[in-house]
*Asks:* 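Quick one: this structure, given as structure tokens, is what I'll be asking you about.
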Amino acid sequence: MAKFCTKCGNPIEECTCNKNEVTEFLDKSSDLLTVMKNRMGIGEPETNGAPPYERGMKIIPECVRASEGEIPVKQYTVAKLRTRLLGIPIAKAEGRVEVTNKRVIFRALGRSLIGRLTLQQEFSIDDVAGMEVRREFTWSFWDFLIAIILIAFGGSIGMGIIANIETVFIKLILALIFGVAGMIPFFIMKKRWWQKLICTSFSLGSLIGGSMSEVGRMDDSLIYVAALPVLIAFIIVIVNIFLFVIKPNLVMVIKTKSYSPAVDVQRMKNSIFANLMGRQSEEHTGYTEVIPIENSEDAIRELGAVITDIQKFGDFGIEKWKVD
């Protein structure tokens with residue numbers, strides 16, 4: 001028998017009452033936060049209440065004024081830009097590239113702990129001569145530190161539980177059960193690498209606690225048998241660390257005829273370590289992470305062709321790529 005909402009009378013699957021209540025609650029919370037920011041002097045009153053991103057909007061003409069006769073041709077959402085301190089995001093934005101018949105524009109709007117952030121780079125399309133794009137992987141120093149903390153946390157819990165069991169048989173059985181159970185999330189959960197890291201380190205700690213407590217009583221053959229699950233768990237933890245620490249990275253540099261960058265979309269090179277080593281830091285976007293999203297692959301395949309067609313064929317190139 002179908003169930004119906006007691007408020008609107010629609011089937012439960014089609015009811016939006018609860019969704020409207022949740023939306024209303026979120027709106028009120030957002031308004032309260034905006035009032036608090038304005039009273040405390042955080043950010044600017046005219047931008048505190050505005051949406052932090054420009055999702056679903058065209059750079060021209062919705063966000064940036066068009067020049068005389070300027071026609072938007074194609075736009076790509078290419079990157080999520082983020083800066084983290086001790087693993088906590090303190091600034092983030094979404095970057096888009098739009099090509100018109102006159103300009104190439106990169107615009108990223110976002111927010112930080114202090115207020116709204118805006119980054120915009122643009123250049124005349126006639127002066128564009130080439131493009132360098134790389135979608136690659138790089139390691140995160142903060143994520144490496146977090147991984148060490150998570151391993152210590154999960155491993156100490158596993159070893160602590162096993163160490164407090166006095167009965168040898170129960171200790172070994174529980175160590176094996178916890179060891180196997182802690183590995184299951186690694187294979188069945190999608191992403192969530194930090195949660196997997198806690199589980200796998202808990203598994204490793206349990207197995208080490210169970211096997212090391214009895215290693216003095218075992219003969220050589222049993223030691224090798226006991227060491228096998230520990231070795232497997234250790235390898236899985238190492239793989240988990242690798243997957244947790246390595247992040248996708250986007251480099252998109254559109255160059256002018258003088259070989260200077262017209263649009264420079266790449267992460268800021270670690271200024272702290274650069275300064276310590278006597279090297280000058282490279283700011284670029286000013287964000288420490290530039291992660292490819294949504295249309296980044298389309299931009300890699302098409303952006304050069306769009307610019308070239310507009311430069312060579314004018315109106316024909318515009319009609320070929322223009323999306324209404």
*Asks:* Suppose we screen for side-chain contact (heavy atoms from CB on, under 4.5 Å). Which residues come up paired with S203, at least two apart in sequence or across chains?
*Replies:* M183, L207, A233

*Asks:* Which ILVMFWY residues can you reach from I59 by hopping between side chains whose heavy atoms are under 4.5 Å apart?
*Replies:* I60, V64, I105

*Asks:* Under the side chain to side chain donor-acceptor pair (under 3.5 Å) rule, what pairs show up with a residue in residues 85-103, not counting sequence neighbours?
*Replies:* E54-R96, R55-E94, E70-T100, E70-R103, R103-E122

*Asks:* Is the closest side-chain donor-acceptor distance between D309 and W321 under 3.5 Å?
*Replies:* yes

*Asks:* Taking only residues two or more places apart in sequence or in another chain, which ones pass side-chain contact (heavy atoms from CB on, under 4.5 Å) with T118?
*Replies:* R107, L109

*Asks:* Would you mind listing every salt bridge (Lys or Arg N to Asp or Glu O under 4.0 Å) that reaches into residues 172-201, with sequence neighbours excluded?
*Replies:* none

*Asks:* Does any N or O in the side chain of N249 come within less than 3.5 Å of the main-chain N or O of T138, such that one atom is a donor and the other an acceptor?
*Replies:* no

*Asks:* Side chain to side chain donor-acceptor pair (under 3.5 Å): which pairs involve residues 296-308, sequence neighbours left out?
*Replies:* K74-E302, Y76-E302, R135-S296, R135-E297, D298-R301

*Asks:* Is a donor on one side and an acceptor on the other found under 3.5 Å between the side chain of T288 and the backbone of R82?
*Replies:* yes

*Asks:* Can you list every pair that meets salt bridge (Lys or Arg N to Asp or Glu O under 4.0 Å) and has a residue in residues 239-254, with sequence neighbours left out?
*Replies:* D143-K247

*Asks:* Do the side chains of K255 and V128 get nearer than 4.5 Å, heavy atoms only?
*Replies:* no

*Asks:* Could you tell me which residues satisfy ring pair (Phe, Tyr, Trp, His ring centres under 6.0 Å) with F178, sequence neighbours excluded, listed by chain and number?
*Replies:* F202

*Asks:* List the atom pairs, with distances to 0.1 Å, where a side-chain N or O of residues 148-165 and a protein N or O form a donor-acceptor pair under 3.5 Å, not counting sequence neighbours.
*Replies:*
residue : atom : partner : partner atom : Å
S156    : OG   : A152    : O            : 2.8
S156    : OG   : F153    : O            : 2.9
N164    : ND2  : G160    : O            : 3.0

*Asks:* What residues, two or more places apart in sequence or in another chain, satisfy salt bridge (charged side-chain N to carboxylate O under 4.0 Å, His left out) together with E136?
*Replies:* R134

*Asks:* Could you tell me if Q266 and D264 have a donor-acceptor pair between their side chains, going purely by distance under 3.5 Å?
*Replies:* yes

*Asks:* Mind checking what makes ring pair (Phe, Tyr, Trp, His ring centres under 6.0 Å) contact with F106, not counting sequence neighbours?
*Replies:* none

*Asks:* Tell me who clusters with F313, hydrophobic residues only, linked when side chains sit under 4.5 Å apart either directly or through other members.
*Replies:* F316

